[in-house]
Amino acid sequence: MNFSTLTRCLMLALFAAFLAGCKPEGARPVVKIGYMLCNNEQETMSRFLPLTRYLSDRCGVDFVAVPVDTHDFEKRFKSGEFTFTHTNSLIYVILRENHGVELVASEKRGTFGSRSAGALIARKGSGIETLDHIRGKRLAFGPMLAPTGYLAEYDLMLSAGINPEHDLGTYSIPSGSFKHEKLIYGVLHGKYDVAAAPVLDLETMAREGKISADDFVILAQSKPIPYCTFAVAKGTDPALVKKVKDALLALKPGDTAEVDGERLKVLKAAWIDGYEDLLDSDYDLIREMAKRVNMPPYQTY
């Protein structure tokens, strides 16, 4: 091979290597966000696609929304399926304890802002007026991993000396989507005597005219605890994490994003009022509840 041929071969090899290392024009990194299912997949995607597009626009990254069932969340996160997580506060505590996720921002919604509370409710006029009256009665819980639909209420009963496993007549968890609404309606119409109801759901349903607050007696209510939470896998690029956090905290009611050719208001679509910068220590109340109730990530059986 002469010098001229060798030079051409080297130039072609270098050019090929250059092309292989280049991204297509306009291509951006792709990062997945796992969104814990709310009532169902369709509703979850409808709520959070505008937020996902907003984050893509603000951060220069193509974020992809991944709907994830609550009970599959830890397994799918552990497999590396997504980098950012949007979950309830108990799932955040589980992921923090078991996998070291880092807190990004906490949602604000309703009277308590970035926090919510769990309540035990009965129908007014049912004769159930105090917490002690629930002994021997039929109670409905929300989903087992719901911090204000199961955990907080179970803890309230234990703190009052009531063991749900022995002192209730029966307890159940309604199947299917919209569980919180189902159990609130169930109490209203006599299917259950008592329900474990998130205060936020009671507030929302009353505002929408689905129920009246005067229809119920609140037998006990927990301290407010953090609400839904954005977190991120440990070791994620700190510059990207900062961009996402800043974008969430900067969200205003007028901010929009385009989905399927339609420009939507991000906060309105997601049913939230904004985001707040909490500390991991703000979740200690949830940790204490989970330990008392013997729930993940602290269960001893």
Enclosure of [X] [atom1] (heavy-atom neighbours >12, cutoff 6.0 Å):
X	atom1	answer
Q42	CD	no
K243	NZ	no
K182	NZ	yes
K78	NZ	no

Do [X] and [Y] come within less than 4.5 Å of each other through their side chains, counting heavy atoms only?
X	Y	value
F73	L145	no
M205	I184	yes
P29	F63	no
V68	M36	no
L264	K268	no
V101	K234	no
I272	K108	no

Between [X] and [Y], what is the shortest heavy-atom contact and its length?
X	Y	value
T236	A233	OG1-O, 2.6 Å
P174	K179	O-CE, 3.1 Å
A220	L131	CB-CD2, 4.0 Å
M45	A65	CE-O, 3.8 Å
A195	V187	CB-CG2, 3.3 Å
Q299	P296	OE1-CA, 3.0 Å

Exercise. Where do L120 and E153 land on the side chain to side chain contact (heavy atoms under 4.5 Å, CB included) test, with the steps shown first?
Worked result: CA-CA 6 Å; L120 287 161; E153 288 85 354; 3.8 Å; yes
For this session: Decide salt bridge (charged side-chain N to carboxylate O under 4.0 Å, His left out) for D246 and K242; before the verdict, give the C-alpha distance in whole Å, the side-chain angles of both, and the deciding distance to 0.1 Å.
Result: CA-CA 6 Å; D246 289 347; K242 185 178 187 307; 2.7 Å; yes
Quick one: [atom1] on [X] to [atom2] on [Y], what's the gap to the nearest 0.5 Å?
X	Y	atom1	atom2	result
K124	F216	NZ	CZ	10.5 Å
T85	E102	OG1	CD	11.0 Å
T300	M295	OG1	CE	13.0 Å
T148	H180	OG1	NE2	6.0 Å
L55	R58	CG	CZ	9.0 Å
I286	K223	CD1	NZ	13.0 Å

Exercise. Are V232 and Y92 linked, directly or through other ILVMFWY residues, by side chains that come within less than 4.5 angstrom of each other?
Worked result: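 In one cluster with V232: Y92, no.
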For this session: Determine, using the 4.5 Å side-chain heavy-atom cutoff (strictly less than), whether I218 and M157 are members of one ILVMFWY cluster.
Result: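 In one cluster with I218: M157, no.
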Would a distance-only check, ignoring hydrogens and angles, find a side-chain to backbone donor-acceptor pair under 3.5 Å from [X] to [Y]?
X	Y	result
D72	D69	no
S126	A122	no
T204	D201	no
K137	G169	no
R28	C59	no
S56	T52	yes
T83	V31	no
E203	T111	yes
D193	L139	no
R115	I225	no

Side chains of [X] and [Y]: do they bring a donor and an acceptor to under 3.5 Å?
X	Y	answer
D155	S222	no
T87	Y35	no
Y283	S106	yes
E276	Y227	no

Exercise. Would K291 count as a cation-pi partner of Y298, with NZ or CZ less than 6.0 Å from the six-membered ring centre and within 45° of the ring normal?
Worked result: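 Here K291 passes the 6.0 Å and 45° test against Y298.
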For this session: Apply the side-chain contact (heavy atoms from CB on, under 4.5 Å) test between L51 and each candidate in L248, I33, L267; give the one that qualifies.
Result: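 The residue from L248, I33, L267 that satisfies side-chain contact (heavy atoms from CB on, under 4.5 Å) with L51 turns out to be L248.
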Exercise. So among V93, L158, L156, L151, which one has a side-chain contact (heavy atoms from CB on, under 4.5 Å) with M289?
Worked result: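 The residue from V93, L158, L156, L151 that satisfies side-chain contact (heavy atoms from CB on, under 4.5 Å) with M289 turns out to be L151.
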Considering only NZ, NE, NH1 and NH2 on the basic side and carboxylate oxygens on the acidic side, decide whether [X] and [Y] come within less than 4.0 Å.
X	Y	result
D167	R135	yes
R287	D284	yes
R96	D280	yes

For this session: Using the side chain to side chain contact (heavy atoms under 4.5 Å, CB included) rule, take I121 and V217 through it: C-alpha gap first, then chi angles, then the decisive distance, then the call.
Result: CA-CA 6 Å; I121 64 169; V217 176; over 6 Å; no
Exercise. Are I134 and I162 close enough, and set up right, to give a side chain to side chain contact (heavy atoms under 4.5 Å, CB included), and what steps lead you there?
Worked result: CA-CA 9 Å; I134 72 173; I162 298 170; 4.0 Å; yes
Do the rings of [X] and [Y] sit parallel, tilted or perpendicular, given the 30° and 60° boundaries?
X	Y	answer
F77	F82	tilted
Y150	F141	tilted
H86	F48	tilted

Problem set entry | Audit row: E107, T229, side chain to side chain contact (heavy atoms under 4.5 Å, CB included) steps and yes/no | CA-CA 6 Å; E107 277 185 10; T229 301; over 6 Å; no
Problem set entry | ring-ring contact (aromatic ring centres under 6.0 Å, His included) assessment of Y275 paired with F230 | CA-CA 9 Å; Y275 284 88; F230 258 101; 5.8 Å; yes
For this session: Quick one: do K210 and E208 satisfy salt bridge (charged side-chain N to carboxylate O under 4.0 Å, His left out)? Show the steps, please.
Result: CA-CA 6 Å; K210 295 178 177 179; E208 294 174 351; 3.2 Å; yes
For this session: Pick out which of R263, E262, K265 makes a side chain to side chain donor-acceptor pair (under 3.5 Å) with T256.
Result: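 The option that passes is R263.
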